[in-house]
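If you read the sequence from its start, that first residue is 1, and numbering goes on from there. We use all heavy atoms of the structure for the numbers below, so side chains are in, but hydrogens, waters and symmetry mates are not.
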Amino acid sequence: MDRIIVEKGRPGDCTGRLPREIAVYDLLDSLGIQYQRADHEVKMTIEACADVDRAMDIRICKNLFLHNSKKTEFYLLMMPGEKKFVTKEVSRMVGSTRLSFADESYMEEYLNLTPGSVTILGLMNDKENRVHLLMDREVAESEYLGCHPCINTSSLKIPTKDILEKFLPAVHHEVQILDL
């Protein structure tokens with residue numbers, strides 16, 4: 001387990017960071033959204049984020065990238081890590097054919113993300129609004145949202161209200177709240 005240091009805002013030196021990560025900081029800063037950041041080793045799963053959760057006093061949520069059976073509709077589902085994803089239930093709630101996990105090629109094409117780095121912040125790259133945002137009510141009503149800045153070697157703590165009221169309108173996306 002690595003030592004997690006929490007800092008305010010973007011890194012002082014962005015040398016060696018991916019352009020998609022820097023673009024997140026640029027957008028958040030331009031929107032006046034305050035955030036805390038922690039750099040850490042690669043975190044591929046929600047379970048691996050437990051030490052980040054403790055250090056930042058947040059619960060990083062589970063982010064699932066899904067599609068319908070015809071691969072014509074795509075969804076980003078945000079839910080608490082401890083909740084179980086029941087495809088039949090979520091499919092019914094959104095009025096879709098059976099949802100399943102989307103191939104990483106779609107994730108890269110629509111969100112410019114790779115497996116393990118799925119985040120709501122990737123919606124900034126979805127210029128054609130191909131991805132529908134689904135959020136569990138528990139996540140939507142939490143004070144803070146924990147997520148990656150489009151790379152899984154850093155995590156951010158952002159006021160959920162700022163995500164809903166500033167970030168989503170800026171990237172032209174709406175959210176559908178679900179009771180999972």
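Side-chain atoms of D162 do not come within 3.5 Å of backbone N or O of K166 as any donor-acceptor pair. R98 places no side-chain N or O within donor-acceptor distance of the main-chain N or O of S69, the cut-off being under 3.5 Å. Panel note: side chain H148, backbone S117; no donor-acceptor pair is recorded below 3.5 Å. Here the side chain of D136 pairs no donor or acceptor atom with the backbone of M79 at under 3.5 angstrom.
For the residue pair H67/E73, the side-chain donor-acceptor check at 3.5 Å is not satisfied. Using a 3.5 Å distance cut-off with no hydrogens or angles, the side chains of N68 and S96 do not pair a donor with an acceptor. A donor and an acceptor atom, one from each side chain of S155 and H40, are located under 3.5 Å apart. Using modelled atom types and a 3.5 Å distance limit, the side chains of D126 and H173 yield a donor-acceptor pair.
Between C150 and L18 there is no side-chain heavy-atom pair separated by less than 4.5 Å. Under the 4.5 Å side-chain criterion, counting only non-hydrogen atoms from C-beta, V94 is not in contact with H132. Side-chain contact between L156 and L28: present, with at least one pair of heavy atoms (C-beta onward) separated by less than 4.5 Å.
Annotation for Q34: atom CD does not count as buried by contact number, only 12 or fewer foreign heavy atoms lying within 6.0 Å. Enclosure of atom CD in E82 by more than 12 non-hydrogen atoms of other residues, nucleotides or ligands within 6.0 angstrom is indicated.
Checked against the 6.0 Å centroid criterion, the rings of Y144 and Y35 do not qualify as a close aromatic pair. Y110 and F74 have their aromatic ring centers within a separation under 6.0 angstrom.
The line from CE of M135 to CD of E174 is 12.5 Å long, rounded to the nearest 0.5 Å.
Under the 4.5 Å side-chain heavy-atom criterion for Ile, Leu, Val, Met, Phe, Trp and Tyr, L145 and L133 are members of the same hydrophobic cluster. A chain of hydrophobic side-chain contacts below 4.5 Å, direct or via other Ile, Leu, Val, Met, Phe, Trp or Tyr residues, connects L180 to F85.
A salt bridge links K83 with E138: the distance from a Lys NZ or Arg NE/NH1/NH2 to an Asp or Glu carboxylate oxygen falls below 4.0 Å. With respect to R59 and D53, no salt bridge is recorded, no charged nitrogen being found less than 4.0 Å from a carboxylate O.
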Practice item. Decide yes or no on salt bridge (charged side-chain N to carboxylate O under 4.0 Å, His left out) for R10 and D26, but give the supporting numbers first. Key: CA-CA 9 Å; R10 70 187 306 129; D26 290 344; 2.8 Å; yes

